[in-house]
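Note sheet for the following structure.
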Amino acid sequence: MNDGYGLAVVSVWRGLLVWTNGDLFWWRTGWNDRRDRPVYASHPTSDPYRAARRIAARYGDLRAADRSAPDGS
């Protein structure tokens, strides 16, 4: 965990960092080719159970994509 600029960040998995400012959790969910920038999801810290479920779903997506990588790693 890193605490700076009033934010905390946790590395969950390769490509999945979750930030919080105490009010929101947010994490990257993809890339917008048209705007050439990342897409983020967010969830209020007042509902940590649902936030954790959403983050876990993203983790599952990344793990599945990693398993299907051509190099097999």
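Treat the numbers as computed from the prediction; the structure is a model and nothing was measured.
No side-chain heavy atom of V10 sits under 4.5 Å from any side-chain heavy atom of T20.
Looking only at distances, no side-chain donor or acceptor of S11 sits under 3.5 Å from a matching main-chain atom of L17.
Under the side-chain hydrogen bond (donor to acceptor under 3.5 Å, both in side chains) criterion, D61 pairs with no residue at all, not counting sequence neighbours. Remark: Y59 pairs with R63 by the side-chain hydrogen bond (donor to acceptor under 3.5 Å, both in side chains) rule, at least two apart or across chains. Not a single side-chain hydrogen bond (donor to acceptor under 3.5 Å, both in side chains) links R58 to another residue, sequence neighbours left out.
Shortest non-hydrogen contact noted between D66 and W13 is OD2-CZ2, 4.0 Å. Nearest approach of L24 to N21, heavy atoms of both residues: N-OD1, 2.9 Å. The two residues A41 and T29 have their closest heavy-atom pair at CB-CG2, 3.4 Å. Scanning all heavy atoms of the two residues, the minimum distance from W31 to V39 falls at C-CG2, 4.1 Å.
Taken from CD1 in I55 to CZ in F25, the straight-line distance is 6.5 Å, to the nearest 0.5 Å.
Identified under the side-chain hydrogen bond (donor to acceptor under 3.5 Å, both in side chains) test for residues 35-44, with sequence neighbours left out: H43-D47, H43-R54.
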